[in-house]
Amino acid sequence: MNYFPDEVIEHVFGFITSHKERNAVSLVCKSWYKIERMSRQRVFIGNCYAISPEGVIARFPELKSLTLKGKPHFADFNLVPHDWGGILYPWIEAFAKSRVGLEELRLKRMVVSDESLELLSKSFVNFKALVLVSCEGFSTDGLAAVAANCRFLRELDLQENEVEDHRGHWISRFPESCTSLVSLNLACLKGEINLSALERLVARSPNLKSLRLSRAVPLDALQKILMRAPQLVDLGTGSFVHDPASDAYNKLKATILKCKSIKSLSGFLEVAPRCLSAIHPICHNLTSLNLSYAPGIHGNDLIKLIQHCRKLERLWILDCIGDKGLGIVASTCKELQELRVFPSDPYGVGNAAVTEEGLVAISAGCPKLHSLLYFCQQMTNAALITVAKNCSNFTRFRLCILDPIRPDPVTMQPLDEGFGAIVQSCKRLRRLSLSGLLTDRVFLYIGMYAEQLEMLSIAFAGDSDKGMLYVLNGCKKLRKLEIRDSPFGDTALLMDVGKYETMRSLWMSSCEVTLGGCKTLAKNRPMLNVEIINEDDQIDFSSDDRQKVGKMYLYRTLVGPRKDAPEFVWTL
Amino acid sequence: MEKQGLELEITELRLGLPGGGDNKINEKKRVFSDISADEANATNDDRKIHTKSQVVGWPPVCSYRKKNSFNEKDRLETSKMYVKVSMDGAPFLRKIDLGMHKGYSDLAMALERLFGCFGISEALKDADGSEFSPIYEDKDGDWMLAGDVPWEMFIESCKRLRIMKGSEAKGFGLQPSGALKGISKNDK
């Protein structure tokens with residue numbers, strides 16, 4: 001390729017879009033590295049502490065789109081203290097100082113302040129898309145700044161964030177000249193919304209394809225909004241409660257009939273089941289349905305709804321659907337690719353739950369299924385073996401048995417054989433979460449068969465260091481390993497310290513690793529940050545290295561220990 | 001209920017590898033039940049009913065979802081819902097806070113503890129499968145067989161509970177809908 005001019009090579013590289021492939025291309029030779037970095041527009045940083053913002057800017061001066069992830073995954077489950085880190089501001093500051101023309105910013109589990117949103121909105125003239133997932137630290141004031149200053153905003157997508165609501169009318173801050181919106185997701189906002197301002201905004205956004213409303217938007221407002229946006233492809237309703245005999249409801253029914261393009265439906269944060277018949281006419285086009293925030297839809301109402309949805313490819317629901325309901329899904333949704341079943345009552349022992357029966361039915365009825373998240377009361381080896389036979393296409397398999405050390409209730413055996421069947425059959429498996437009673441044996445299977453595995457989540461599993469060693473030795477593509485409450489200690493941790501530089505991160509909490517073990521690991525490893533989270537002053541650093549470490553998070557990095565670590569985080 | 005030496009130990013169900021009965025396994029890891037027992041004991045003594053729900057971060061549902069899906073349940077949990085409970089043959093009535101319980105099984109265990117008997121959980125699962133018939137008086141004054149409707153609906157409508165025993169219960173000829181013949185507000 002050296003006899004082609006650089007512009008030709010650059011043009012060819014333009015067709016290579018995936019991050020993995022571009023990274024691979026940059027490693028071929030110096031000339032390709034240079035051409036690739038000067039033409040790279042989209043950069044993905046899985047751990048914001050692996051590199052500095054200045055480093056990113058230096059290498060990719062033409063970057064337009066940045067994705068950043070902050071806190072470790074277990075932060076979702078309250079295992080990481082509140083001010084651990086993952087702060088956005090230094091990134092915006094650095095980018096603002098540079099000449100980078102940032103257009104898109106996608107963040108996950110980061111702390112985003114109003115100041116950073118304001119600086120962002122004022123620093124990048126062509127800023128187009130802001131996607132915040134599971135972030136916190138900002139209020140509607142920050143959103144107001146984005147609305148007011150980003151003149152070409154196309155996408156404002158807020159997913160599952162903790163947003164402080166200051167009752168200013170931030171929606172009204174979108175200027176009349178802003179007509180470029182394509183996607184607006186407000187579902188996680190809790191406060192009042194200026195409904196007429198929202199309606200006017202929708203009316204002047206002819207390209208709006210995706211709109212997800214918050215709980216504060218009632219049914220009659222939904223009707224008015226839909227009148228303005230019959231071209232919507234993705235709709236999230238807010239409150240769906242009304243008297244089915246009313247005019248407003250009948251108007252809504254008529255308006256929905258005009259929305260022939262809706263393929264994705266979510267919301268129903270508050271719902272009166274009697275109103276659901278209004279959406280039946282659009283169900284036959286749906287490819288994606290998310291009812292996981294709608295505990296008000298259950299029983300026959302839920303079944304009736306699903307029976308209309310023959311084209312579903314993605315379904316997120318609560319476990320109140322029950323095994324029978326999953327049977328209906330299996331016979332109706334033959335195109336199903338992704339299923340998530342969330343617990344509606346995580347602590348209860350009540351009627352609302354699914355078991356292995358539901359999963360077996362789905363695996364038998366939905367041959368295209370490749371992504372699963374399944375919270376259930378119980379699971380059996382026989383069921384998992386059947387599922388593995390029926391569906392060998394899984395790329396993501398996350399099983400959560402509500403009692404995490406529950407054995408197979410029929411045989412009282414651990415679930416090693418069941419999960420073993422899954423990893424052996426699903427050769428493309430990239431992500432796996434385990435639960436139930438599990439011994440070292442399951443890890444033997446994982447090490448042997450899960451060749452493509454990139455992320456593994458372990459809780460209350462295994463008997464000895466051997467378990468963890470099987471995984472570290474066997475899974476060559478492992479990038480993220482997170483372990484809690486399992487008996488893995490220093491021997492496993494220290495067996496192959498070079499392994500961690502091939503991975504993004506390792507989390508171990510309530511395991512058997514000691515302070516001494518962590519110190520040994522950290523020694524002479526400038527490319528790794530080994531952080532101990534020391535809540536409540538559990539660890540006394542001056543004394544005994546034999547103390548067990550409550551929470552350890554280690555990750556590879558190019559920039560050494562982070563400077564923003566709070567006092568309870570110790571980098572060894 | 002007293003253990004009679006070896007016999008019951010052999011039939012006792014344990015978590016662990018078969019053929020072992022080793023305690024070595026359990027010593028190496030902090031078993032889930034140990035953790036939840038620690039945390040349950042550390043908190044409210046009034047909540048004598050052991051719930052496995054106290055472990056931090058389990059089940060792994062992200063905190064945003066926890067706060068936003070289960071609103072109804074949280075609301076119900078904080079309100080006090082004391083109702084009278086009578087058991088046939090017991091000299092005194094008791095009171096129980098329905099809001100403190102997560103479901104029928106939980107309630108059944110609590111009732112069994114209150115009255116020092118067992119068989120109530122079986123009754124809730126299978127009306128014919130036990131000598132007990134747990135019934136409740138609902139908002140309309142009708143006596144209903146407990147266990148038919150979802151838990152949330154039950155605790156909203158239950159005004160008092162009665163655990164009928166033996167032949168007296170069977171004699172009423174329970175109807176499939178759960179409403180008992182022969183008992184209505186007019187009979188009281």
Side-chain angles (χ1 to χ4, degrees), chain A residues 74-79 134 159-162 188 190 215 269 292-296 298-299 318 320 342-352 375 398 400-407 411-414 433 435 437 439 457 459-464 484-489 509-512, chain B residues 13-20 22 24-36 49 51-74 76-77 101-109 121 124-125 147-155:
Chain A
F74 276 179
D76 283 351
F77 318 130
N78 296 329
L79 288 177
S134 301
Q159 296 178 31
E160 304 193 347
N161 303 291
E162 292 294 338
C188 64
K190 294 186 233 161
R215 200 183 264 260
L269 309 171
S292 64
Y293 285 105
H298 49 249
L318 293 171
C320 51
F342 294 97
S344 49
D345 180 18
Y347 308 132
V349 291
N351 309 321
F375 284 83
R398 295 157 68 188
C400 177
I401 302 170
L402 291 174
D403 175 352
I405 48 168
R406 190 157 182 193
T411 62
M412 298 315 286
Q413 297 292 307
S433 300
S435 61
L437 183 68
T439 71
S457 307
F460 305 99
D463 311 308
S464 73
R484 64 166 292 182
D485 295 276
S486 300
F488 306 135
S509 60
S510 305
C511 297
E512 304 287 315
Chain B
L13 289 179
R14 291 163 199 264
L15 293 178
L17 291 180
D22 286 344
K24 276 190 254 173
I25 292 158
N26 289 333
E27 278 165 16
K28 281 204 172 172
K29 70 180 170 193
R30 288 191 72 206
V31 179
F32 177 76
S33 49
D34 289 346
I35 299 171
S36 56
I49 290 124
T51 44
K52 285 185 174 175
S53 58
Q54 310 293 339
V55 175
V56 174
W58 197 269
V61 176
C62 75
S63 42
Y64 173 87
R65 186 173 283 281
K66 269 203 183 124
K67 286 182 203 161
N68 289 283
S69 302
F70 314 125
N71 287 336
E72 279 177 54
K73 195 178 85 61
D74 292 329
L76 293 170
E77 267 193 307
H101 300 286
K102 313 283 188 187
Y104 285 110
S105 312
D106 206 7
L107 175 67
M109 285 197 296
S121 333
L124 282 169
K125 286 179 202 150
D148 288 337
V149 299
W151 174 253
E152 285 75 18
M153 208 183 280
F154 166 72
I155 62 179

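Nothing here was measured: the structure is a model prediction, and the numbers come from that model. Throughout, a chain's letter reflects where its sequence line sits, starting with A, and its residues are numbered from 1.
The CG atom of A:Asp403 lies 9.5 Å from the CH2 atom of B:Trp58; values are rounded to the nearest 0.5 Å. Note that CZ of A:Phe77 is 9.0 Å distant from OG of B:Ser63, once rounded to the nearest 0.5 Å. The NZ atom of A:Lys190 sits 6.5 Å away from the CG atom of B:Asn68 when rounded to the nearest 0.5 Å.
In this structure, no portion of A:Phe74 lies under 4.5 Å from any heavy atom of chain B. Using a 4.5 Å cut-off between heavy atoms, A:Ser292 contacts chain B through both its backbone and its side chain. Heavy atoms closer than 4.5 Å to chain B are found nowhere in A:Cys511, neither backbone nor side chain. Looking at A:Phe488, neither its backbone nor its side chain comes within 4.5 Å of chain B, counting heavy atoms on both sides. There is no contact between A:Ala294 and chain B, counting heavy-atom distances below 4.5 Å. For A:Glu160, the parts lying under 4.5 angstrom from a heavy atom of chain B are both the backbone and the side chain. Only the backbone of A:Ile401 comes within contact range of chain B, judged by heavy atoms closer than 4.5 Å.
Nearest approach of A:Asn78 to B:Val56, heavy atoms of both residues: O-CG1, 3.9 Å.
A search for side-chain contact (heavy atoms from CB on, under 4.5 Å) contacts involving A:Ser433 returns A:Arg398, A:Ser457, not counting sequence neighbours.
For the options A:Ala75, A:Cys188, A:Ser134, heavy-atom pairs under 4.5 Å to chain B are most numerous at A:Cys188.
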